[in-house]
Amino acid sequence: MSLRIYNTLTGKLEELVPLNPPHLLIYTCGVTVYDDSHVGHGRSLIVFDVLRRFLEHLGYRVRFVRNFTDVDDKIINRSKQECTDFMTIANRYIASYYIDMENIRVKPADVEPRVTEHIQEIIEVIKGLIEKGYAYESEGDVYFSVSSFPEYGKLSKRNVEELEAGARVEPSEKKKNPLDFALWKSAKAGEPAWDSPWGPGRPGWHTECVAMIFKHLGQTIDIHAGGLDLVFPHHENEIAQAEALTGKPFARYWVHNGLVTVGGQKMSKSLGNYITLKEVYSKYHPDILRLLVLFTHYRSPLDFSWEKMEETKRAYERLINALEDLELLKKLPSYEEKGTHPLFESVKQMEEGFFKALSDDFNTPQALATIYGLIGELGKIKNKAFSDGRISRQELEAYEFAVNSIIRSLRGVFGLLEDYKPECDVKRVVQKELEAGTIFDSRLVDLLVEVRDMTRKEKLFSVADHIRDRLKELGIILEDTPAGTKWKKQ
RNA sequence: GGCAACGUGGCCGAGCGGCUAGGCGAGGGACUGCAAAUCCCUUUUACGGCGGUUCGAAUCCGCCCGUUGCCUCCA
């Protein structure tokens, strides 16, 4: 199986053919570390994390690089506000980023380079561009000359004349052309600076990715990924520099994820409508954000709301219930039945559908639909077993087979259910909170459930209901099933 | 203004020439001591508007309307 994916460069769906199979080189533009990451960053990180896992699943030997922009105007401004140096700010938010990534279950990249550790490589790229006549020095700055690169605009489908007409770029007498962009910025007083052939200064934004890709991946990579808002000018400018310098294609496939909106408007720092990842995972299990992201096709806009988080949470609970119910079904008396259960075939179809959907432009919503189709079938088996008060061995085996298949698919590729263990999940969470001193011991809940079951057998329902009500006030939900009482948090 | 997307049933959201996507919500039923959970049934001209191509269009083409993104830093 291979992947057909939309390439921004060609505007078409294309079959992914790596340059040197089975090796696959992926670069994704990481974050600028001047503040906490928000849901918009989270979506991009989750999407490409899952894409990477899927490609690994397909058998590619993926080398995945994601950078940190750790020096730029916003970081410098922030450091001025706080009367500290830019590195303090960068290090603080890199640490914050790692906490976020752990909490939303995004795997670390194979290489996570920082701009400030690649100044020399960046200078080499700029020197090369000047030598070849694509860039020029001007009063300590260095600019890329857009008019020297005829293919400029090919990624974002713009032409230079239109850009010039609508240019909102501040006119600068240092530039020959308003569209020219800075490769090197001369240092102003009090700003971080590195020595260079053009005097002290720091790199412009777009060169860093080129230099880091050359160093860690090579001159031509397979996939270059990022948010849709990076297409222009960032990725356009990367292509111009890299291809001007090497004369080779820079990236074979350009993959961009759609943006996160709030009330239809782009989530962004400047609009102030952002929600940090920390706020999200302080309220919800990390899987729920992942599920929300994966329920939308990666190229569509995703409108974030807390209502949608609640909806997704309910959908997630339905999934978890279906998995957990295996343990309840095991407690029922079983009997022998002839033949193979048809569910085995459904599981096979689900798995095929799941991977087929992902192969078709990474259609995660379609892949989830196959999973939920199977969950419906599991519900039917459970319903029948509970009303019969028993289950056939064949059904139980088929159910377990299905559960294992769902877990394998969701855990391996989607990065969901990482901490899921049947029967232990809720208790583990409660135990964690116990250690934090915010809740009681799960063994005490077990005890109360046991006592309540005794009162129910004696038909002392008012006592049983009182226990259930009081536990509910404490955030513990009891559910009576034919196979016994189960409890969960919240 | 230029460029690029998008407009699907109560809401969200796949599909992109013929075959019930899926999720959430709502109503009814089964089950239950009562709940919860679960399943079943219903939500039976869903595809912005108007034309066109076709045996057949949500799906292709044209125009119009509306929303958004990019054109400045941005995942």
Side-chain angles (χ1 to χ4, degrees), chain A residues 8 11 28-32 34 37-48 69 72-74 153 156-159 161-170 179 205 225-234 236 256-261 264-271 291-292 295-297 299-303 305 307-308 310-319 321-322 324-325 328 353 357 360 363-373 375-387 456 459 461-462 464-465 468-469 472 477-482 485-488:
Chain A
T8 308
T28 166
C29 292
V31 290
T32 302
Y34 72 106
S37 299
H38 62 229
V39 176
H41 304 111
R43 180 188 193 187
S44 191
L45 290 157
I46 289 168
V47 162
F48 296 124
T69 299
D72 103 313
D73 289 344
K74 292 190 293 292
S156 54
K157 319 277 186 268
R158 286 155 216 250
N159 64 58
E161 295 82 67
E162 280 162 358
L163 283 168
E164 281 171 351
R168 277 200 253 159
V169 187
E170 294 163 41
L179 295 184
W205 180 31
L228 197 60
D229 53 352
L230 294 182
V231 174
F232 191 91
H234 185 50
E236 194 70 68
H256 294 99
N257 66 278
L259 303 178
V260 174
T261 57
Q265 277 203 312
K266 179 181 171 180
M267 179 179 287
S268 73
K269 279 274 150 56
S270 48
L271 285 168
L291 201 57
L292 174 68
F295 257 128
T296 302
H297 187 87
R299 286 195 281 124
S300 301
L302 167 54
D303 200 54
S305 68
E307 291 73 28
K308 211 173 264 181
E310 277 299 311
E311 277 182 20
T312 308
K313 185 182 164 192
R314 267 170 250 138
Y316 181 69
E317 281 169 351
R318 207 179 133 210
L319 164 73
N321 284 333
E324 283 183 347
D325 286 341
L328 292 176
D360 186 12
N363 195 332
T364 56
Q366 186 60 47
L368 283 170
T370 67
I371 300 262
Y372 274 88
I375 287 171
E377 294 194 46
L378 293 183
K380 284 177 203 173
I381 290 178
K382 179 192 157 191
N383 209 32
K384 178 171 167 287
F386 280 1
S387 63
R456 287 177 68 224
K459 299 208 187 297
F461 294 123
S462 60
D465 289 349
R468 187 171 63 196
D469 292 345
K472 193 178 178 187
I477 312 274
L478 299 194
E479 290 167 12
D480 298 324
T481 77
T485 302
K486 76 175 195 181
W487 63 268
K488 63 180 184 184

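Note that the structure is predicted; figures quoted are calculated from it, not measured. Residue numbers start from 1 in every chain, and the chains themselves are labelled A, B, ... in the order their sequence lines are given, proteins ahead of strands.
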*Treat primed atoms plus P, OP1 and OP2 as sugar-phosphate and everything else as base, then score nucleotides 3-18 of chain B 5' to 3': B for base contact with protein heavy atoms under 4.0 Å, S for sugar-phosphate contact only, - for none.*
S--------SSSS---
_Where protein sits on nucleotides 31-39 of chain B, one letter per nucleotide: B base, S sugar-phosphate only, - none, heavy atoms under 4.0 Å_ = --BBBBSBB
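Contact annotation: A/Thr32 reaches the phosphate of B/A75 (side-chain N/O to OP1 or OP2, under 4.0 Å).
Taking the side-chain contact (heavy atoms from CB on, under 4.5 Å) definition, one finds that A/Arg299 meets it with A/Tyr6, A/Leu13, A/His297, A/Asp361, sequence neighbours left out. Qualifying side-chain contact (heavy atoms from CB on, under 4.5 Å) partners for A/Asp480, counting only residues two or more places apart in sequence or in other chains: A/Arg452, A/Arg456, A/Arg468, A/Thr485. Partners of A/Asn159 according to the side-chain contact (heavy atoms from CB on, under 4.5 Å) rule, which considers only residues two or more places apart in sequence or in another chain, are A/Glu161, A/Glu162. By the side-chain contact (heavy atoms from CB on, under 4.5 Å) test, A/Lys384 is found to be paired with A/Tyr335, A/Asp388, A/Glu395, residues two or more places apart in sequence or in another chain being considered. Here A/Lys74 pairs with A/Asp72 under the salt bridge (Lys or Arg N to Asp or Glu O under 4.0 Å) rule; sequence neighbours left out. Every residue two or more places apart in sequence or in another chain that forms a side-chain hydrogen bond (donor to acceptor under 3.5 Å, both in side chains) with A/Glu236 is listed here: A/Ser156. Applying the salt bridge (Lys or Arg N to Asp or Glu O under 4.0 Å) rule to A/Asp73 yields the partners A/Lys185, A/Arg202; only residues at least two apart in sequence or on another chain are considered. The ring-ring contact (aromatic ring centres under 6.0 Å, His included) test applied to A/His234 returns A/Trp205, A/His206, not counting sequence neighbours.
In this structure, the CD atom of A/Glu310 is 13 Å from the P atom of B/C24, given to the nearest Å. In this structure, CE of A/Met267 is placed 11 Å from C1' of B/A75, rounded to the nearest angstrom. The CG atom of A/Leu368 sits 12 Å away from the C1' atom of B/A21 (whole-angstrom rounding). Going from atom CG of A/Leu230 over to atom P of B/C71 covers 10 Å, rounded to whole Å. Computed from coordinates, the A/Leu179 CG to B/U72 C1' distance equals 13 Å when rounded to whole Å. One atom, CD1 of A/Ile371, and another, P of B/A21, lie 19 Å apart when rounded to the nearest Å. When rounded to the nearest whole Å, the span between CD of A/Glu377 and C1' of B/G22 equals 14 Å. For A/Glu236 and B/C73, the CD to P distance is 14 Å, given to the nearest whole Å.
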With a 3.5 Å cut-off and sequence neighbours excluded, list the donor-acceptor pairs that the side chains of residues 363-370 of chain A form with protein atoms.
unit_1	atom_1	unit_2	atom_2	d
A/Asn363	OD1	A/Gln366	N	3.0
A/Thr364	OG1	A/Leu294	O	2.8
A/Thr370	OG1	A/Ala367	O	2.6

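The closest side-chain heavy-atom distance from A/Asp325 to A/Lys486 is below 4.5 Å.
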*Convert the base pairs of RNA chain B into dot-bracket notation, remembering that pairs crossing earlier ones are written with [ ] and that bases paired across to another strand are shown as |; include only Watson-Crick or G-U pairs under 3.5 Å.*
(((((((..(((.....[...)))((((((.......))))))....(((((..]....))))))))))))....
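Heavy atoms of A/Val260 sit under 4.0 angstrom from at least one base atom. Among the protein residues, A/Gly11 comes within range of no part of the nucleic acid, since none of its heavy atoms lies under 4.0 Å from any strand.
For the atom pair CG of A/Leu291 and OG1 of A/Thr296, the computed distance is 10.0 Å after rounding to the nearest 0.5 Å.
Taking atom C1' on both B/G18 and B/G13, the two are 23 Å apart, rounded to the nearest angstrom.
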